[in-house]
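Take a look at the structure below.
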Amino acid sequence: MKGSIATVTAGVRKLHVKSYGCQMNVYDSHRMTDLLAREGYAEACPEDADLIILNTCHIREKAAEKVYSELGRIRKLKDAAAREGRNLTVAVAGCVAQAEGEEIVRRAPLVDLVVGPQSYHRLPELLAEAADGTKVVATDFPAEDKFDHLAPASNAAIRGRGVTAFVTVQEGCDKFCTFCVVPYTRGAEVSRPVGKIVAEVERLADAGVREVTLIGQNVNAYHGDGPDGRPWTLGRLLERAAEVPGIARLRYTTSHPGDMDESLIAAHRDLPALMPFLHLPVQSGSDRLLDAMNRRHTRAEYLRTIEQVRAARPDMAFSTDFIVGFPGETEDEFRATLSLVEEVGFASAFSFKYSPRPGTPAAEMAEQLPEEVKSERLQRLQRLIDGHQAAFNAGSLGRTFEVLFEKPGRHPGQIVGRSPYLQPVQVMASSTLVGEIRSVTITEIAPNSLFGTLTAEPSRVSDRVLLEAGG
Ligand code: SAM
Ligand code: SF4
């Protein structure tokens with residue numbers, strides 16, 4: 001997945017944060033940036049920075065290797081800074097930091113500070129410790145709540161990040177799928193209290209955010225304390241978030257199929273602000289593999305959940321994650337995955353080659369599959385998924401969607417927004433519409449985006465004409 005840059009706006013020291021991997025990391029990068037803004041750090045490109053933080057992902061081997069090659073490039077920047085008489089401090093944060101700890105400093109001695117995802121609220125004091133050249137490694141799971149120590153984003157920082165935002169509501173995972181490092185790098189499941197989440201959503205809305213995605217490694221296992229002192233479900237939390245003035249759209253990710261409870265399904269029925277698009281990772285279509293992965297549900301149970309959500313909200317579309325080439329996966333078991341794609345008709349999906357992660361049970365399993373088998377299966381799966389995605393997009397032609405406009409487009413006079421299904425939609429219209437939701441009729445489909453024109457909202461106009469005519 002692509003890296004992204006987090007920014008701050010004012011101060012004397014210069015900071016560059018590069019984020020890898022999931023939305024949780026994007027959120028954490030913003031929190032680190034907000035925290036360090038209070039310490040006087042301002043945005044900078046890597047070449048000018050006094051502090052570079054790589055906020056890393058450890059989910060697959062490639063993700064970790066990318067960090068080491070980036071550190072190779074940063075080595076040159078550190079040397080150049082030293083020649084200019086400046087000190088460039090290098091910090092590695094995130095899940096690679098948690099998983100590899102001191103090994104990072106051994107393998108890449110330019111790194112001054114290693115900080116895990118549960119300790120980054122301590123960055124100011126850790127940077128002070130590292131200031132005299134001491135190598136600092138902070139990968140414990142502190143007892144205090146990190147969120148209590150983080151700085152809220154300023155209105156200017158929120159506005160700079162656009163009209164959509166992530167809010168972490170839950171962290172960690174207790175599911176222990178046999179392929180996954182998350183329970184080891186992010187720790188046990190913890191949910192933030194409802195009041196604090198709502199306050200954060202209100203602050204975002206006040207600064208102009210229109211769409212909030214509630215995020216967590218296992219977001220629908222949410223069970224934070226409500227104002228009534230009892231644990232609330234994600235469904236109830238969404239209901240409360242939908243009441244925040246200014247918030248027009250809600251999403252949540254990433255969910256586990258086993259935690260799609262009644263209140264969440266009801267939220268899809270009852271909350272117009274909850275977008276009709278759900279990312280629900282399944283990983284495999286084979287019951288034997290689902291069991292070997294410790295996914296705790298069968299193919300039939302997954303399909304039943306999809307049906308229940310569709311019954312609650314008939315215009316629902318789904319995306320998912322697949323792993324191909326899990327240890328021992330046979331050709332027939334792989335075909336069961338292909339047939340699940342056909343059966344559900346996903347609007348989009350991510351698919352990955354199984355990557356053995358040190359310390360996870362699947363990495364120790366016999367029958368690890370050869371790379372060629374994994375690659376060949378991945379290609380077949382991706383071809384099938386691409387076909388389904390193209391068909392889903394083609395089905396949008398001529399339809400009218402509500403689009404939330406996010407930013408100016410690539411071409412002059414163009415703006416870009418998202419449909420309820422997260423499809424990018426390009427429209428020729430004034431950039432003053434950024435932050436607004438408008439009806440758009442889709443007139444053209446390109447491989448990865450839709451083109452459309454603002455709709456004159458005919459139904460509402462004709463309603464008014466009828467009313468004015470006394471109809
Ligand atoms: N919590 C989510 C769930 O229940 O599936 C998944 C979160 S994980 C950060 C995102 C995706 O990475 C997973 O859905 C899985 O497809 C993929 N993934 C995780 N571990 C992997 C591994 N060892 N090899 C390949 N892909 C992996
Ligand atoms: Fe990893 Fe998701 Fe399984 Fe948790 S539920 S162990 S985060 S794949």
Side-chain angles (χ1 to χ4, degrees), residues 1 19-28 55-65 94-96 98-99 117 166 168-191 213-222 234 252-260 264 278-285 289-297 301-302 305 318-329 334 337 340-341 346 348-365 368-369 371 373-375 377-378 381-382 385:
M1 273 176 254
S19 189
Y20 297 83
C22 65
Q23 297 96 331
M24 304 284 299
N25 269 10
V26 175
Y27 179 87
D28 289 346
N55 192 17
T56 61
C57 170
H58 200 241
I59 200 79
R60 284 169 293 278
E61 198 178 351
K62 266 198 188 155
E65 283 311 314
C95 292
V96 175
Q98 189 65 40
F166 299 126
T168 293
V169 303
Q170 175 281 338
E171 275 200 284
C173 183
D174 296 343
K175 293 282 192 295
F176 289 92
C177 299
T178 54
F179 53 79
C180 185
V181 288
V182 168
Y184 310 95
T185 56
R186 290 276 178 166
E189 249 175 37
V190 180
S191 296
T213 303
L214 304 183
I215 56 173
Q217 265 89 28
N218 197 355
V219 71
N220 56 344
Y222 178 82
L234 184 66
Y252 59 94
T253 199
T254 298
S255 298
H256 188 281
D259 291 320
M260 291 299 301
L264 190 48
L278 174 60
H279 182 66
L280 194 59
V282 63
Q283 316 300 354
S284 170
L289 281 186
L290 287 171
D291 188 42
M293 290 174 169
N294 191 30
R295 288 293 290 175
R296 307 161 189 234
H297 63 80
E301 283 162 349
Y302 182 84
T305 302
F318 296 88
S319 74
T320 195
D321 290 343
F322 291 109
I323 293 179
V324 302
F326 186 81
E329 182 189 64
F334 171 65
T337 294
L340 187 73
V341 175
F346 292 104
S348 63
F350 298 100
S351 45
F352 310 102
K353 279 191 268 189
Y354 169 67
S355 167
R357 308 315 291 133
T360 59
E364 306 300 321
M365 288 178 185
Q368 300 287 327
L369 297 192
E371 203 48 35
V373 174
K374 293 191 213 175
S375 298
R377 287 182 186 167
L378 185 69
L381 177 59
Q382 287 185 339
I385 291 167

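One-based numbering, in listed order, for ligands and for the atoms of each.
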inquiry  = If the cut-off is 4.0 Å to any non-hydrogen atom of Thr254, which atoms of ligand 1 fall inside it?
reply    = 2 (C)
ask   = Non-hydrogen atoms of Ile59 versus ligand 1: any pair closer than 4.0 Å?
value = yes
ask   = Is any NZ, NE, NH1 or NH2 atom of the basic residue among Arg60 and Asp321 found under 4.0 Å from an Asp or Glu carboxylate oxygen of the other?
value = no
ask   = For ligand 1, which atoms, with element, lie under 4.0 Å from some heavy atom of Arg357?
value = 23 (N)
ask   = Under a 4.0 Å heavy-atom limit, does Pro183 contact ligand 2 with its side chain, its backbone, both, or neither?
value = side chain
request  = Using a 4.0 Å heavy-atom threshold (strictly under), name the region of Phe179 that reaches ligand 2: side chain, backbone, both or neither.
outcome  = side chain
message = Does the residue Arg186 have a heavy-atom contact with ligand 2, meaning some pair of atoms that are separated by less than 4.0 Å?
response = no
message = Would the distance check show the side chain of Asn294 and the main-chain N or O of Phe176 forming a donor-acceptor pair, the cut-off being under 3.5 Å?
response = yes
request  = Indicate yes or no: does an N/O atom of Asp321 lie under 3.5 Å from an N/O atom of ligand 1?
outcome  = yes
ask   = For the side chain of Tyr302 and the backbone of Leu280, is there at least one donor-acceptor N/O pair under 3.5 Å apart?
value = yes
ask   = Starting from atom 4 (Fe) of ligand 2, which protein heavy atom do you reach first, and at what distance in Å?
value = Cys173 SG, 2.2 Å
message = Considering non-hydrogen atoms of the protein only, which is the closest contact for atom 3 (Fe) of ligand 2, and what is the distance?
response = Cys177 SG, 2.3 Å
query = Quick one: does Pro281 get an N or O within less than 3.5 Å of an N or O on ligand 1?
reply = no
query = Is there side-chain contact between Lys353 and Ser375, with heavy atoms separated by less than 4.5 Å?
reply = yes
ask   = To the nearest 0.5 Å, how far apart are OG in Ser284 and CZ in Arg295?
value = 10.0 Å
query = Do Ser351 and Leu378 have side-chain heavy atoms sitting under 4.5 Å apart?
reply = yes
task = Starting from atom 2 (Fe) of ligand 2, find the nearest protein heavy-atom neighbour and note its residue, name and distance.
result = Arg295 NH1, 4.3 Å
ask   = Which residue and non-hydrogen atom of the protein lie closest to atom 17 (C) of ligand 1, and at what distance in Å?
value = Arg60 NH1, 3.4 Å
query = For ligand 2, which atoms sit closer than 4.0 Å to a heavy atom of Lys175?
reply = 4 (Fe), 5 (S)
ask   = Are any of the N/O atoms in Gln283 less than 3.5 Å from those in ligand 1?
value = yes
inquiry  = For atom 3 (C) of ligand 1, tell me which residue out of Arg295, Arg186, His58 has the closest non-hydrogen atom.
reply    = Arg295
request  = Kindly say whether Ser255 contributes a backbone atom to a donor-acceptor pair with the side chain of Asn220 at under 3.5 angstrom?
outcome  = no
task = For atom 21 (C) of ligand 1, state whether the nearest protein heavy atom is under 4.0 Å away.
result = yes
request  = Begin with the C-alpha distance, continue with both residues' side-chain angles, and end with the deciding distance and a verdict on ring-ring contact (aromatic ring centres under 6.0 Å, His included) for Phe326 and Phe334.
outcome  = CA-CA 9 Å; Phe326 186 81; Phe334 171 65; over 10 Å; no
request  = May I ask you to identify the nearest protein heavy atom to atom 1 (Fe) of ligand 2, giving residue, atom name and distance to one decimal place in Å?
outcome  = Cys180 SG, 2.3 Å
query = Where the side chain of Arg377 meets the backbone of Glu329, is there a donor-acceptor pair that is under 3.5 Å apart?
reply = yes
key: Sidechain-backbone polar pair: Glu61 side chain, Ala63 backbone, donor-acceptor under 3.5 Å   = no
message = For ligand 1, which is the ligand I care about here, please tell me if Gln217 has any N or O atom under 3.5 Å from one of the ligand's N or O atoms.
response = yes
Proximal ligand 2 atoms for Phe176, defined as those under 4.0 Å from one of its heavy atoms = 6 (S)
key: Donor-acceptor contact below 3.5 Å, side chain Arg357 vs main chain Val182   = no
query = With distance as the sole test, does Gln217 use its side chain to make a donor-acceptor pair with the main-chain N or O of Glu171 at under 3.5 Å?
reply = no
query = Would you say Ser355 has any N or O atom under 3.5 Å from an N or O of ligand 1, going by distance alone?
reply = yes
key: Separation of Leu290 CG from Gln283 CD (nearest 0.5 Å)   = 8.5 Å
query = Going by the order shown, which atoms of ligand 1 are within less than 4.0 Å of some heavy atom of Lys353?
reply = 24 (N), 25 (C)
remark   = Contact region, Phe352 to ligand 1, non-hydrogen atoms below 4.0 Å, reads side chain
task = Report, in ascending order of atom number, the atoms of ligand 2 lying under 4.0 Å from any heavy atom of His256.
result = 5 (S)
Aromatic ring pairing His279/Phe350, orientation class (parallel under 30°, perpendicular over 60°, tilted between) = perpendicular
